[in-house]
Amino acid sequence: MNAHATTAHHHGPAPGLLRWVTTTNHKDIGTLYLWFSLLMFFIGGSMALVVRAELFQPGLQIVDPHFFNQMTTMHALVMIFGVVMPAFVGLANWMVPIMIGAPDMALPRMNNWSFWILPFAFTMLIGTLFMEGGGPSAGWTLYPPLSLQGGNSLPFVIFAIHMMGASSIMGAINIIATIMNLRAPGMTYMRMPLFVWTWFITAYLLIAVMPVLAGAVTMLLTDKFFATSFFSAAGGGDPVMFQHIFWFFGHPEVYILILPAFGLVSEVIPTFSRKPLFGYDSMVYATASIAFLSFIVWAHHMFTVGMPLAGELFFMFTTMLIAVPTGVKVFNWVSTMWRGAMTFETPMLFALGFVVMFTIGGFSGLMLAMTPIDFQYHDTYFVVAHFHYVLVPGALFGIISGVYYWLPKWTGRHYNETLGKWHFWLSTFFVNLLFFPMHFVGLAGMPRRIPDYAVQFADFNAIATIGAFGFGFAQILLPVIVVMSILGRKKAPARVWEGAHGLEWTLSSPPPYHSFSPQPVVRSRII
Amino acid sequence: MNASPRAARAFSARLSALLFAFAPPAFADWGLNLPRGITEISRDVYLMHMVVLWICVVIGVAVFGVMTYSIVKHRKSVGAKPAQFSHSTTAEIVWSVVPFFILVAMAIPAAKALIKMEDSSNSELTVKITGHQWKWEYEYPDYGIRFFSNLGEASRKARELDSGIDPRTVPNYLLEVDKPMVLPVGTKVRFLLTSNDVLHAWWVPDFAVKKDAVPGFIREMWTVVDEPGTYRGQCAELCGRDHGFMPVVVEAVSAAQFDQWVVAEQTAAAAEAGAADRAWTISELMERGQAVYNTNCVACHQANGQGIPGAFPGLVGIEDKLTLEQHLDVVLNGVPATAMQAFGAQLSDADIAAVVTYERNAWGQQKEEMLQPSEVRAAR
């Protein structure tokens with residue numbers, strides 16, 4: 001036993017760069033995912049800046065509308081599939097095994113493959129921008145018939161989406177297999193940390209809906225190249241059917257992009273409040289309820305397509321219902337802070353920012369749920385404001401909060417707290433300057449996805465553009481702080497934060513290449 | 001006037017707008033909120049919007065208030081000692097059940113309004129709306145009137161990339177059309193909505209009417225306009241390159257004025273139908289052709305006829321690539337599964353003859369090859 005443990009300790013990473021290609025270690029793969037996500041974040045962000053630069057003033061100054069549409073489309077695809085999802089999978093890879101006392105992911109070789117598909121998928125996707133006729137320009141939702149017009153980028157985009165889907169499904173299977181099979185003795189389901197719980201549920205959503213997306217885009221492919229008519233009335237099909245199929249994927253996808261962030265802030269807030277998470281059980285049930293509801297609300301993305309009245313009423317009622325479990329979560333976070341002893345290190349700041357600004361996005365979501373008023377909001381900047389509030393200061397702030405929370409654990413070195421706080425305050429100021437005015441122009445009547453606008457929208461658009469550049473450049477602090485932490489000298493202890501409790505804090509910082517020998521035993525809920 | 005003083009003035013205007021961003025008078029012209037609108041439905045919708053907004057504000061103030069109090073009072077630096085409670089069944093039941101009833105209270109008026117909005121029965125006038133890339137077609141089946149509504153000429157010139165025209169000098173920039181829809185006030189109008197190519201959405205905020213135009217299907221919506229006036233909106237569903245440039249303009253007029261308009265339209269249509277009976281000169285065709293080209297073709301094929309490589313083909317030298325008959329065929333019948341529409345259904349004989357003549361002579365060798373409206377009529 002002793003001899004075995006010693007051997008395992010010396011069995012470190014392979015030497016050289018090949019380590020990163022051949023690795024099956026969950027920590028290495030988690031690191032790969034996170035760096036990949038960071039790279040994509042800056043690529044997708046620069047596309048958003050092209051969009052905002054064109055929208056700085058009325059009139060067309062910088063790009064042709066055709067290229068503008070490619071930028072909005074590509075920005076969304078990159079941010080959703082290249083940034084938020086890989087970042088979550090990276091965090092899960094690093095932390096889920098450690099948080100449940102497992103030595104590694106259950107399926108390590110598949111883990112390697114699911115990561116290494118992604119760079120190829122995104123090279124192909126972004127490469128379409130350099131094709132004659134440009135990349136996809138019909139919006140990330142790829143609605144036909146528009147997505148079937150134009151250049152030859154479509155099959156490349158569809159193949160890239162298939163690869164991303166395969167990667168996500170493999171990642172999800174791996175996470176489920178790990179959680180079901182590799183929990184340490186005593187780590188019962190209802191003792192698992194919330195981040196593990198939210199990812200467990202998210203993984204089921206992924207397995208359920210990624211194949212649906214694959215089906216939808218494959219039908220686009222056959223409609224364009226193999227003379228089928230799934231989405232063309234001329235051949236007996238219906239363009240609206242694509243929207244139903246797409247949003248049957250798309251709405252659970254929305255929760256795929258937010259549930260792990262719920263888990264992240266549910267780890268961070270108790271730690272820095274020095275108080276157990278309020279309402280653990282109801283948090284788990286609320287997450288499960290949101291996941292269930294996500295399958296029966298999809299058509300609220302398409303209230304204006306002309307559905308039957310009964311359909312509009314059904315989707316309005318189910319959508320409004322989501323406010324209940326979401327409210328439970330927000331109330332629980334606030335109650336966790338209540339009568340705690342809070343400190344405000346960078347992860348906590350991002351988590352608090354998440355709670356406030358995600359809730360603002362939740363409120364506009366409730367307004368959008370109401371069909372008669374949604375007719376006015378639909379496809380305006382009010383919607384753009386809504387989903388950016390839940391995705392940027394929502395999902396993204398959740399991810400950044402998690403990164404700062406565990407960064408000292410990963411690198412074994414403290415990061416620069418002052419710079420971290422600058423990162424938070426600059427991001428928060430500019431993200432609101434960027435997205436809050438969008439509520440106003442949207443209500444005043446500015447449609448989304450337009451490269452030029454009537455002059456009464458000019459002032460708020462100018463403000464939003466200033467916010468966009470401020471937010472974009474503030475993000476350079478993130479890689480700077482991470483690299484400074486990697487190269488830093490200030491060693492972090494095993495338990496980095498005073499109020500931190502999970503199994504990850506029982507390992508050294510950085511943790512050994514192969515963690516948990518011998519296996520830990522869990523005797524109570526440790527959050 | 002050259003560009004730089006104008007740019008400087010625009011910049012200083014923007015700067016002062018920014019400086020006074022939080023002065024209340026500035027908000028008035030910016031438009032911060034939904035318009036109240038001029039129909040019964042739009043006022044219902046506005047009221048509901050405001051009620052829900054205030055419910056959200058009140059809940060937000062309560063939640064963020066508790067959070068702020070906690071952040072101020074329950075911080076370690078002021079000596080707070082953490083409590084260790086981790087749940088409260090009573091509180092959790094209260095904050096699940098109370099929001100549920102708030103939601104029910106919101107859902108009831110919303111459902112009532114929705115039922116009213118979807119009831120287009122007993123209409124007195126029908127207008128068929130067809131979305132095209134990138135213009136609207138309005139048809140009044142009861143009166144035999146049919147026309148296209150394109151982006152106004154001043155906006156069209158100003159919107160070109162680096163046009164050098166300040167959009168602020170263009171009246172109703174991007175919200176002006178060459179020919180608006182005309183409706184009588186106080187009349188229940190039913191709209192039949194469809195599309196010729198991709199999805200579009202017809203939207204007038206003041207009516208609280210928005211619906212997608214779906215090719216191959218017909219959707220219904222309705223409105224009763226209370227007050228005469230000009231009401232503006234835009235296409236609200238991404239429909240390709242010029243999605244941002246197909247506004248909706250509706251002029252609501254009195255019943256008597258509407259009747260006059262109908263007669264005038266019918267007379268003009270009869271005159272246009274006769275245009276194919278005579279022979280046209282090349283300069284007449286070129287002049288008209290340029291106007292038709294700038295309204296219908298320029299978005300894809302560009303003013304210089306170069307197109308956008310890979311996306312939209314160029315037309316320079318088309319007189320060598322296609323015979324007159326082939327050229328006419330493409331314009332009349334379109335190219336399936338591309339943005340090239342069948343213009344035969346949209347343009348008159350004279351328009352098609354003019355635009356084909358224009359395309360063959362505008363950029364290339366100017367062989368003065370002509371197509372007569374009568375030939376178009378024969379080819380249909």
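Sequence lines set the chain letters: A, B, ... in the order given, protein chains first and strands last, and positions in each chain run from 1. Any value given below was found using the heavy atoms of this structure, including those in side chains, with hydrogens, waters and symmetry copies removed.
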>> One pair to check against side-chain contact (heavy atoms from CB on, under 4.5 Å): A:Ser282 and B:Trp95. What are the steps and the verdict?
In response: CA-CA 11 Å; A:Ser282 63; B:Trp95 66 49; 5.9 Å; no
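- Contact of the A:Met367 side chain with the B:Leu53 side chain is registered, since non-hydrogen atoms from C-beta on lie closer than 4.5 Å.
- Between B:Cys239 atom SG and A:Arg449 atom CZ the span is 11.0 Å, to the nearest 0.5 Å.
- For the set A:Glu132, A:His66, A:Gln376, the entry with the most heavy-atom pairs within less than 4.5 Å of chain B is A:Gln376.
- For A:Met337, the parts lying near chain B are the backbone and the side chain together; criterion is any non-hydrogen pair under 4.5 Å.
- Ranked by heavy-atom pairs under 4.5 Å with chain B, the list A:Pro145, A:Pro372, A:Pro451 is led by A:Pro372.
- Contacts with chain B were tallied for A:Asp379, A:Ile450, A:Thr72; A:Asp379 has the most, counting heavy-atom pairs under 4.5 Å.
- Separation of atoms CD1 (A:Ile373) and CG (B:Leu34) is listed at 8.0 Å; rounding is to 0.5 Å.
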>> side-chain contact (heavy atoms from CB on, under 4.5 Å) for B:Gln234 and A:Met446? Distances and angles first, verdict last.
In response: CA-CA 8 Å; B:Gln234 283 180 269; A:Met446 178 168 163; 5.8 Å; no
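- Separation of atoms CD (B:Glu118) and CE (A:Met307) is listed at 9.5 Å; rounding is to 0.5 Å.
- In this structure, A:Lys275 forms a cation-pi arrangement with B:Phe85, its terminal cationic atom sitting closer than 6.0 Å to the ring centre and no more than 45° off the ring axis.
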> Do B:Ile59 and A:Phe363 pass the side-chain contact (heavy atoms from CB on, under 4.5 Å) test, and can you show the C-alpha distance, the side-chain angles, and the key distance before you say yes or no?
Replying inline: CA-CA 9 Å; B:Ile59 297 173; A:Phe363 285 137; 4.0 Å; yes
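- Using a distance-only test at 3.5 Å, with no hydrogens or angles considered, a donor-acceptor pair links the side chain of A:Asn69 to the main chain of B:Gly240.
- With hydrogens and angles disregarded, a donor-acceptor distance shorter than 3.5 Å links the side chain of B:Lys210 to the backbone of A:His378.
- Side chains of B:Pro215 and A:Pro239 form a contact here, defined as non-hydrogen atoms less than 4.5 Å apart.
- Heavy atoms of A:Phe68 lying under 4.5 Å from chain B are absent altogether.
- Contact of A:Gln70 with chain B is not made at all, since no heavy-atom distance falls under 4.5 Å.
- Distance check: B:Leu238 CG to A:Leu146 CG gives 5.5 Å after rounding to the nearest 0.5 Å.
- Contact annotation for A:Asp238: both backbone and side-chain heavy atoms come within less than 4.5 Å of a heavy atom of chain B.
- Looking only at heavy-atom pairs under 4.5 Å with chain A, the residue among B:Lys116, B:Lys76, B:His87 that has the most is B:Lys76.
- If you measure heavy-atom distances from A:Pro144 to chain B, the contacts under 4.5 Å come from the backbone alone.
- When each of B:Gly244, B:Gly79, B:Ala236 is scored by its heavy-atom pairs under 4.5 Å with chain A, the top score falls to B:Ala236.
- When side chains are defined from C-beta on, A:Phe375 counts as touching B:Leu114, because their heavy atoms get closer than 4.5 Å.
- Side-chain atoms of B:Arg168 and A:Gln57, non-hydrogen and from C-beta on, do get closer than 4.5 Å to each other.
- B:Val198 has its side chain out of reach of A:Tyr143: every pair of non-hydrogen atoms, C-beta onward, lies at least 4.5 Å apart.
- Separation of atoms OG1 (A:Thr343) and CZ (B:Arg75) is listed at 9.5 Å; rounding is to 0.5 Å.
- Atom OH of A:Tyr280 sits about 11.5 Å away from atom OG of B:Ser86, to the nearest 0.5 Å.
- Side-chain contact between A:Met342 and B:Ile71 is present, with heavy atoms from C-beta onward closer than 4.5 Å.
- No other option in B:Pro99, B:Gly216, B:Ala213, B:Pro205 has as many heavy-atom pairs under 4.5 Å with chain A as B:Pro205.
- The choice from A:Asp452, A:Val334, A:Leu309 that makes the most heavy-atom pairs within less than 4.5 Å of chain B is A:Asp452.
- Contact tally against chain B (heavy-atom pairs below 4.5 Å) for A:Thr141, A:Val356, A:Thr371: the top residue is A:Val356.
- The aromatic rings of B:His74 and A:Trp338 stand perpendicular to each other, their planes meeting at an angle above 60°, with 30° marking the opposite boundary.
- The shortest side-chain heavy-atom distance between B:Val104 and A:Met320 does not fall under the 4.5 Å cut-off.
- For chain B, the nearby part of A:Ser273 is the backbone; its heavy atoms alone come within less than 4.5 Å.
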>> Please determine whether side-chain contact (heavy atoms from CB on, under 4.5 Å) holds for the pair B:Trp203 and A:Thr380, giving the CA-CA distance in whole Å, both sets of side-chain angles, and the decisive distance to 0.1 Å.
In response: CA-CA 11 Å; B:Trp203 179 32; A:Thr380 68; 3.4 Å; yes
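- Proximity of B:Glu92 to A:Phe331: side-chain heavy atoms (C-beta onward) are nowhere separated by under 4.5 Å.
- Contact annotation for A:Asp64: both backbone and side-chain heavy atoms come within less than 4.5 Å of a heavy atom of chain B.
- If you measure heavy-atom distances from A:Leu352 to chain B, the contacts under 4.5 Å come from both the backbone and the side chain.
- Only the side chain of A:Val330 comes within less than 4.5 Å of a heavy atom of chain B; its backbone N, CA, C and O stay farther away.
- Between chain B and the options A:Val324, A:Val455, A:Val305, heavy-atom pairs under 4.5 Å are most frequent for A:Val305.
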